[in-house]
Amino acid sequence: MSPGILTDPLFWAVAIPAVVLTGISKGGLGGSAGGVATPLIALTISPAQGAAIMLPVLCAMDVAGIRAYFGRWDRRLMRIILPAGLLGTAIGTLTFRHLDDNWIRILLGVIALGFLAYNLYPRSAPRRKPSDGEGWFWSTLAGFTSFVSHTGSPPLLVYMLPQKLDKVVFISTLLVFFAALNYAKIVPYWWLGLLDLRNLATSLLLIPVGIAGTYLGVWLQTRIDTAWFYRIVHALLLFTGSKLLYDGITQL
């Protein structure tokens, strides 16, 4: 493939705000809304190529985020979620070649709409803390969906939100988890042929956007109206999830 960057204006019109939103989420919300980027980008290019372009950007953003929150993660939870997430990454590596683009679109759509429904469904009683076994299940699933499409947040949050962690500990724990997974994906993505020169060149142009978004998220952490941020993310998830699910099903 040509080493030149992607030139489709629609891709850049979608990718730049998607990367900024991801950076803000990583810097101020622990990446808990960062799963919107790849589904958005998958509206303009194949999901596999979108995941490949996002990986170097995410790795760069992870460095910026960890520097801001270093050493504040929950070590007990990390002993559960990190090995399970790496197991999910290994499963993703072994199964990725067998996944058709349209099935990935369907998966992305289901994850986006499922996460939206999970967050908006009213609950009258407080959620109990999940068991360690549930932590392994949800974290393994997060590792798999993170490998396929960088959408590991929804499954992981099913386990993490009921823990009721301090905000900074919560953000730091999610940042370290996804940073470890993102760097663990580099060799498998290269082995699968996803990190070609064109994708890498496109990633390089998006990295400064992502880093700026991360530091913007750190700055906004105590200033941002989190409710409004999530309203924007939820609206994007509703649109992109519905569109990807429709496209995947109709093109099978």
- Test Leu157 against Leu174 for side chain to side chain contact (heavy atoms under 4.5 Å, CB included), laying out the working first. CA-CA 9 Å; Leu157 290 178; Leu174 263 64; 3.7 Å; yes
Do [X] and [Y] come within less than 4.5 Å of each other through their side chains, counting heavy atoms only?
X      : Y      : value
Ser149 : Pro47  : no
Gln49  : Met54  : no
Thr173 : Arg72  : no
Leu82  : Leu181 : yes
Pro39  : Lys243 : no
Leu43  : Phe239 : yes
Leu94  : Phe147 : no
Val158 : Leu141 : no

- Query: Would you say Val187 and Leu58 are hydrophobically clustered, going by side-chain heavy atoms of ILVMFWY under 4.5 Å?
  - Reply: no
- Task: Report yes or no: do Ile186 and Leu192 belong to one cluster of Ile/Leu/Val/Met/Phe/Trp/Tyr joined by side chain heavy-atom distances under 4.5 Å?
- Result: yes
When rounded to the nearest 0.5 angstrom, what is the spacing between [atom1] in [X] and [atom2] in [Y]?
X      : Y      : atom1 : atom2 : value
Phe137 : Ile80  : CZ    : CD1   : 15.5 Å
Thr151 : Ile111 : OG1   : CD1   : 3.5 Å
Asn199 : Leu6   : CG    : CG    : 6.5 Å
Leu206 : Ile16  : CG    : CD1   : 6.5 Å
Asn182 : Phe177 : CG    : CZ    : 10.0 Å
Arg105 : Ile249 : CZ    : CD1   : 12.5 Å

Can you name the closest pair of heavy atoms from [X] and [Y] and give their distance?
X      : Y      : answer
Phe170 : Met160 : CE1-CB, 4.0 Å
Ala52  : Leu195 : O-CD2, 3.8 Å
Arg76  : Asp132 : NH1-OD1, 3.6 Å
Gly50  : Ile41  : CA-CG2, 3.9 Å
Trp136 : Ala84  : CE3-CB, 3.4 Å
Val57  : Gly210 : CG1-CA, 4.4 Å

- Query: Can you check side chain to side chain contact (heavy atoms under 4.5 Å, CB included) on Val148 and Leu99, steps first, answer last?
  - Reply: CA-CA 9 Å; Val148 172; Leu99 295 174; 3.9 Å; yes
Has the side chain of [X] got a donor or acceptor atom that lies under 3.5 Å from a matching backbone atom of [Y]?
X      : Y      : result
His150 : Ala51  : yes
Thr140 : Gly88  : no
Glu134 : Ser131 : yes
Thr250 : Asp247 : yes
Ser172 : Trp73  : yes
Tyr183 : Cys59  : yes
Thr145 : Ala142 : yes

- Should we say atom OH of Tyr246 is surrounded by more than 12 heavy atoms from elsewhere, each under 6.0 Å from it? no
- Message: Test side chain to side chain contact (heavy atoms under 4.5 Å, CB included) on Ile81 and Trp138; report intermediate values, then the result.
- Response: CA-CA 8 Å; Ile81 65 176; Trp138 290 112; over 6 Å; no
- Salt bridge check: are Arg79 and Asp74 linked by an N-O gap of less than 4.0 Å? no
- Using 30° and 60° as the class limits, which term best fits the ring planes of Tyr189 and Phe96: parallel, tilted or perpendicular? tilted
- Task: Say whether Lys185 and Thr93, considering side chains only, have a donor N or O and an acceptor N or O under 3.5 Å apart.
- Result: no
- Note on the structure: Between Phe144 and the options Leu87, Thr95, Thr89, the side chain to side chain contact (heavy atoms under 4.5 Å, CB included) test singles out Thr95
